[in-house]
Amino acid sequence: MRISSKIAKAINDQIAYEASATHAYVAIGSWCERTGYDGSAAFFFEQANEENTHLLKFTHYLNNGGAEAIIPATEKPQGKFNSLESTFQVGLKSEQTVTKLINNLVEVAEREKDRATYSFLQWFVTEQIEEETLFETILQKFEVVGRDKLAIYQIDQSLASIRSEIMTKRVNQQQP
Ligand code: FEO
């Protein structure tokens with residue numbers, strides 16, 4: 001087996017978190033959908049798809065490395081929220097937790113001198129920088145645009161396309 005049992009255990013813990021994050025975002029999207037925040041609902045459902053993609057990336061990595069991916073049961077996620085803004089605060093907190101977990105995983109790979117896993121994890125390191133920036137940028141909008149009904153409506157409307165806008169802006173900023 002190429003992947004050590006220590007690495008397999010650490011990645012399986014990560015799979016468990018990605019599964020929880022997938023369901024947490026579906027639950028937030030579902031609350032948004034019920035509450036009339038259609039742009040945000042689309043955003044969170046897409047976010048759930050991304051988390052599920054992460055779960056699958058880790059699953060394939062373990063299974064193809066001779067280890068066993070363990071698909072966990074997950075706890076019921078939070079289903080009620082005080083405001084649209086609070087859903088993004090929950091999202092940012094979750095992404096900050098993922099960043100810490102990924103950094104811990106990188107440290108385990110370093111300690112185990114597992115170069116392949118270290119290299120595999122770099123994609124997630126970059127992804128987490130993007131994810132945290134995305135949520136921070138959205139939360140900033142509440143400061144800038146405001147929190148009255150019209151402002152929240154405008155923010156919600158902008159969310160359907162915000163991911164591609166932010167990504168395009170970032171790519172342009174990186175160009176010489
Ligand atoms: Fe799978 Fe957003 O971390």
Side-chain angles (χ1 to χ4, degrees), residues 3 7-33 37 39-65 67-79 81 84-110 114 116-142 158-171 174:
I3 295 173
I7 295 279
K9 159 91 179 66
I11 293 183
N12 270 318
D13 288 348
Q14 189 66 33
I15 287 176
Y17 196 87
E18 301 291 345
S20 298
T22 303
H23 288 176
Y25 283 139
V26 172
I28 297 176
S30 178
W31 178 83
C32 291
E33 193 169 58
Y37 297 134
S40 305
F43 171 88
F44 280 110
F45 289 141
E46 177 53 32
Q47 198 67 22
N49 276 340
E50 288 217 356
E51 297 306 340
N52 197 47
T53 305
H54 301 166
L55 183 157
L56 288 173
K57 272 181 190 275
F58 283 116
T59 299
H60 299 322
Y61 186 73
L62 283 187
N63 290 338
N64 294 331
E68 181 187 353
I70 296 166
I71 310 306
T74 57
E75 282 185 19
K76 186 170 179 274
Q78 183 178 346
F81 302 89
L84 185 63
E85 186 176 4
S86 76
T87 65
F88 290 98
Q89 284 160 345
V90 169
L92 176 60
K93 219 169 157 198
S94 173
E95 294 304 336
Q96 287 167 338
T97 300
V98 175
T99 302
K100 276 193 198 132
L101 293 172
I102 295 288
N103 289 342
N104 289 343
L105 257 179
V106 171
E107 280 175 27
V108 175
E110 276 174 334
D114 182 341
T117 299
Y118 181 87
S119 161
F120 166 72
L121 290 170
Q122 295 316 299
W123 183 89
F124 290 94
V125 171
T126 308
E127 171 76 1
Q128 280 316 116
I129 295 169
E130 291 181 2
E131 292 290 86
E132 282 196 36
T133 307
L134 180 62
F135 277 92
E136 282 164 0
T137 307
I138 294 166
L139 282 165
Q140 241 174 14
K141 281 186 180 273
F142 290 91
S158 72
L159 276 164
S161 57
I162 196 164
R163 181 188 304 277
S164 55
E165 277 169 31
I166 289 173
M167 294 306 162
T168 309
K169 202 163 122 195
R170 199 166 311 144
V171 169
Q174 283 165 1

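Ligands are counted one by one from 1 in listed order, and the atoms in each one are counted from 1 as well. The model shown is predicted, which means the values in this text are computed figures rather than measured ones.
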Next on the checklist: Looking at every heavy atom in both F43 and F88, which two are closest together, and how far apart are they?
Outcome noted: CE2-CE2, 3.6 Å
Checklist entry - Of the non-hydrogen atoms in I15 and I70, which two are nearest, and what is the gap between them? => result CG2-O, 3.6 Å
Item to check | Metal site angle (apex atom 1 (Fe) of ligand 1), ND1 from H54 and OE1 from E51, 10 degrees | outcome: 100°
Checklist entry - Does E18 put an N, O or S atom under 2.8 Å from atom 1 (Fe) of ligand 1? => result yes
Item to check | E95, N/O/S atom nearest atom 2 (Fe) of ligand 1 | outcome: OE1
Checklist outcome for this item: Here the pair of heavy atoms bringing L62 nearest to A8 is CD2-CA, 3.9 Å
Next on the checklist: So which atom in I7 and which in A109 form the shortest heavy-atom distance, rounded to 0.1 Å?
Outcome noted: CD1-CA, 3.8 Å
